[in-house]
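Order of appearance sets the numbers: ligands from 1, and atoms from 1 within every ligand.
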Amino acid sequence: MTTNQHLSARRRQANDATFVIIKPDAIRRGLIGAVLSRLEPLQLEIIGAKVVHVSRELAKAHYHHLKVKPFFNQLLDHLQGKLHDTPYVLAFVLWGPDAIARVRQVAGATHPEKAEPMSIRGSFGRITKTGLMENILHASTDQNEAEREIRLWFKSEELLHSDVLPRWVSVQR
Ligand code: IDP
Ligand code: MG
């Protein structure tokens with residue numbers, strides 16, 4: 001094995017890909033730049049980025065694990081931008097060392113009032129009177145979720161250097 005092959009093998013082991021959405025509440029409030037500037041110091045690579053008009057089907061598939069919850073329909077409306085008059089979200093795949101856990105840490109806890117104050121959700125998130133969590137962004141929680149979400153939202157040809165990602169990205173579709 002050459003030194004370069006050794007290095008790329010180590011990169012493969014140490015890095016993971018995570019999926020992030022800047023939600024409609026953040027877009028409506030002009031917080032795209034603020035969110036990205038909190039993520040940028042992690043020095044992850046943006047290997048996928050796009051504007052997505054979220055269909056009901058995509059919203060349902062994304063949040064399928066919450067379909068029994070009383071707030072499910074509101075959650076779908078939220079992701080579709082219906083509650084903020086914002087007909088799109090920004091979706092990203094970020095790649096790098098320990099990306100999933102580090103992005104979750106910077107994002108903060110789900111409930112904005114319980115999130116660490118310096119986190120993105122702790123800094124900018126809020127709960128509305130109707131119980132809507134305007135928590136600014138979505139970020140994958142673990143490798144299985146990241147895999148499922150990246151497959152759901154991105155085609156492999158929309159991702160940069162998918163050869164360094166796990167095999168599931170390059171074989172999809
Ligand atoms: P996460 O976004 O931190 O991963 P999940 O439990 O996966 O949290 O929930 C997905 C989204 O559903 C949350 O980001 C939030 O928008 C919404 N949500 C979760 N729990 C509640 C709740 O108790 N009330 C209202 N909305 C909720
Ligand atoms: Mg989640």
Which heavy atom of the protein is the closest neighbour of atom 7 (O) of ligand 1, given with residue, atom name and distance?
His65 NE2, 3.5 Å
Begin from the C-alpha positions of His65 and Glu145 and carry the test side-chain hydrogen bond (donor to acceptor under 3.5 Å, both in side chains) through to its verdict.
CA-CA 11 Å; His65 60 294; Glu145 195 175 279; 4.9 Å; no
At less than 4.0 angstrom from any non-hydrogen atom of Gly131, what atoms of ligand 1 do you find?
25 (C)
Which residue holds the protein heavy atom closest to atom 15 (C) of ligand 1, what is that atom called, and what is the gap in Å?
Asn135 ND2, 3.6 Å
We want to know whether Glu149 and His138 form a side-chain donor-acceptor pair, criterion being a heavy-atom distance below 3.5 angstrom.
yes
If you scan protein heavy atoms around atom 23 (O) of ligand 1, the nearest is Phe71 CE2, 3.6 Å
Stepwise, does the side chain to side chain contact (heavy atoms under 4.5 Å, CB included) test hold for Leu137 with Arg121?
CA-CA 8 Å; Leu137 79 167; Arg121 287 167 164 177; 4.0 Å; yes
For atom 12 (O) of ligand 1, find the nearest protein heavy atom and state the residue, atom name and distance (0.1 Å precision).
Leu75 CD1, 3.3 Å
Gap separating the OG atom of Ser119 from the CZ atom of Arg104, nearest 0.5 angstrom
10.5 Å
Kindly confirm or rule out an N or O of Arg121 lying under 3.5 angstrom from an N or O of ligand 1.
yes
Should we count OH of Tyr88 as having more than 12 external heavy atoms under 6.0 Å?
no
Of the protein's non-hydrogen atoms, which lies at the shortest distance from atom 9 (O) of ligand 1, and what is that distance?
Leu66 CD1, 3.4 Å
Taking only non-hydrogen atoms of Lys23, do any sit less than 4.0 angstrom from ligand 1?
yes
Would you name the heavy atoms of Ala17 and Val93 that are closest together and state the gap between them?
CB-CG1, 4.1 Å
Take atom NZ of Lys60 as the centre, draw a 6.0 Å sphere, and report whether it contains more than 12 heavy atoms from other residues, nucleotides or ligands.
no
Taking atom NZ of Lys50 as the centre, does the number of heavy atoms from other residues, nucleotides or ligands within less than 6.0 Å exceed 12?
yes
Could you tell me if any non-hydrogen atom of Arg104 lies under 4.0 Å from any atom of ligand 1?
yes
Side chain, backbone, both or neither: the part of Leu132 lying under 4.0 Å from ligand 1 by heavy atom:
neither
To check your reading of the model: name the closest protein heavy atom to atom 8 (O) of ligand 1, its residue, and the distance in Å.
Thr110 OG1, 3.2 Å
